[in-house]
Amino acid sequence: MTHALHLYTAVGRVRACCSFGLRGIAVLFLALVTLFTPLAAEAQKYGSKADPELVRFFGIYSGTAEVERENGETETRNMHVEIRAAGEGFWVKWTTRRTKASGKVSDKSYDILFEPGGRGDLYSAAMRQNVFGHAVPLDPLKGEPYVWARLSDDTLTVFSLFINPNGDYEIQQYDRTLVDGGLDLHFSAHRNGFPRLEAKSFLARQP
């Protein structure tokens, strides 16, 4: 009886070890498959903790757009955008060079850190530090832009809200959609709900 019990216990241990071993192999296999998917590989390339879906946008892009104003006039804008890793979020730096009909040229550049906003695929802009040293958004009621971002499928959108001293507001929207070879950019600006500016362009991914 004692020998039978020992034999039964040993068999049970062997079965348990085999069962654990098979489960362990399965878990390891799934982990390796996940680790070496194209999106995960891209995240490793940049050393980013961000969502792999977001990592697809990382890179440098440039292009030219014709911007149509509300009065029907158009002007040429050269655009340069860099999207790069920043912890679980990302940095966006974009520079716009405007060439007016008069030939006058002006440059504007923005460099903004975005961090997970805690609501799905929304990201809040961290543009200044509070008294505790934490990065927080600016205050639109003080004339500062309030900026946030949204990731939706193949489109990364940046919104900017401005409030003028008289209470008028303006929302600017930058839709950047992944396509072969770069990004399709759709920019629009609305003041008090009415369209003010619109531009579309292809931004080529740079080496």
Side-chain angles (χ1 to χ4, degrees), residues 30-31 33-63 65 67 77 79-96 108-130 134-140 144-163 169-190 193 195-207:
L30 289 175
V33 169
T34 302
L35 181 64
F36 291 104
T37 58
L39 293 182
E42 192 74 2
Q44 286 187 338
K45 170 184 174 182
Y46 289 96
S48 173
K49 299 178 182 178
D51 182 345
E53 293 289 338
L54 176 63
V55 174
R56 299 180 300 154
F57 291 85
F58 292 173
I60 300 174
Y61 309 85
S62 61
V67 179
R77 295 191 181 186
M79 301 180 178
H80 181 86
V81 179
E82 181 178 356
I83 306 174
R84 60 189 187 274
E88 295 183 359
F90 60 100
W91 280 92
V92 174
K93 180 178 182 179
W94 70 93
T95 302
T96 302
K108 284 188 177 181
S109 185
Y110 303 89
D111 195 349
I112 302 176
L113 167 66
F114 291 91
E115 297 178 334
R119 295 178 60 190
D121 292 322
L122 297 181
Y123 294 82
S124 60
M127 300 175 68
R128 67 178 176 84
Q129 289 189 335
N130 61 16
H134 299 148
V136 295
L138 299 179
D139 186 351
E144 302 167 337
Y146 185 84
V147 183
W148 71 99
R150 176 186 66 198
L151 175 62
S152 178
D153 298 326
D154 291 334
T155 301
L156 179 62
T157 302
V158 173
F159 300 92
S160 300
L161 170 66
F162 302 85
I163 299 178
Y169 70 92
E170 179 172 319
I171 292 182
Q172 297 181 358
Q173 180 172 338
Y174 297 81
D175 293 319
R176 299 181 176 98
T177 302
L178 284 172
V179 294
D180 289 341
L183 297 173
D184 272 342
L185 170 67
H186 180 203
F187 166 76
S188 62
H190 290 74
R196 192 177 70 84
L197 288 174
E198 184 173 17
K200 294 182 179 180
S201 178
F202 171 73
L203 305 181
R205 185 186 287 269
Q206 303 302 305

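Note that the OH atom of Y146 and the OG atom of S160 stand 11.5 Å from one another [nearest 0.5 Å]. Atoms NZ and CG, from K200 and L185 in turn, are 10.5 Å apart once rounded to the nearest 0.5 Å. Atoms NE2 and CD, from H80 and Q206 in turn, are 7.5 Å apart once rounded to the nearest 0.5 Å. For the atom pair S62 OG and R205 CZ, the distance stands at 12.0 Å (nearest 0.5 Å). For the atom pair CG of L161 and CD of E170, the computed distance is 9.5 Å after rounding to the nearest 0.5 Å. Between Y174 atom OH and T96 atom OG1 the span is 5.5 Å, to the nearest 0.5 Å.
Judged as a ring pair (Phe, Tyr, Trp, His ring centres under 6.0 Å), and not counting sequence neighbours, the contacts of Y123 are F90. Remark: L197 engages V67, R69, R77, F187, A189 in a side-chain contact (heavy atoms from CB on, under 4.5 Å) (not counting sequence neighbours). Evaluation of the ring pair (Phe, Tyr, Trp, His ring centres under 6.0 Å) rule for Y110 yields W94 as partners, not counting sequence neighbours. H186 meets the side-chain hydrogen bond (donor to acceptor under 3.5 Å, both in side chains) test with E198; sequence neighbours excluded. Under the rule for a salt bridge (Lys or Arg N to Asp or Glu O under 4.0 Å), the partners of D111 that lie at least two apart in sequence or sit in another chain are R84.
The two atoms that bring A199 and A65 nearest to each other are CB-CB, 4.4 Å, heavy atoms only. Nearest heavy atoms, W91 versus A85: CD1-O, 4.0 Å. Of all heavy-atom pairs spanning G63 and S201, the tightest one is C-OG, 4.3 Å. Taking both residues in full, the closest heavy atoms of L178 and Y61 are given as CD2-OH, 4.3 Å, listed atom of the first, atom of the second, then distance. Nearest heavy atom pair, residue T95 against residue S109, reads OG1-OG, 3.1 Å. Among all heavy-atom pairs drawn from R176 and F57, the shortest one is O-CE2, 3.5 Å.
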Could you list the donor-acceptor pairs under 3.5 angstrom formed by side chains in residues 148-159, with sequence neighbours left out?
from	atom 1	to	atom 2	distance (Å)
D154	OD1	R56	NH1	2.9
D154	OD1	R56	NH2	3.1
T155	OG1	T177	OG1	2.8
T157	OG1	D175	OD1	2.6

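The shortest distance between side-chain heavy atoms of V81 and I60 does not fall below 4.5 Å.
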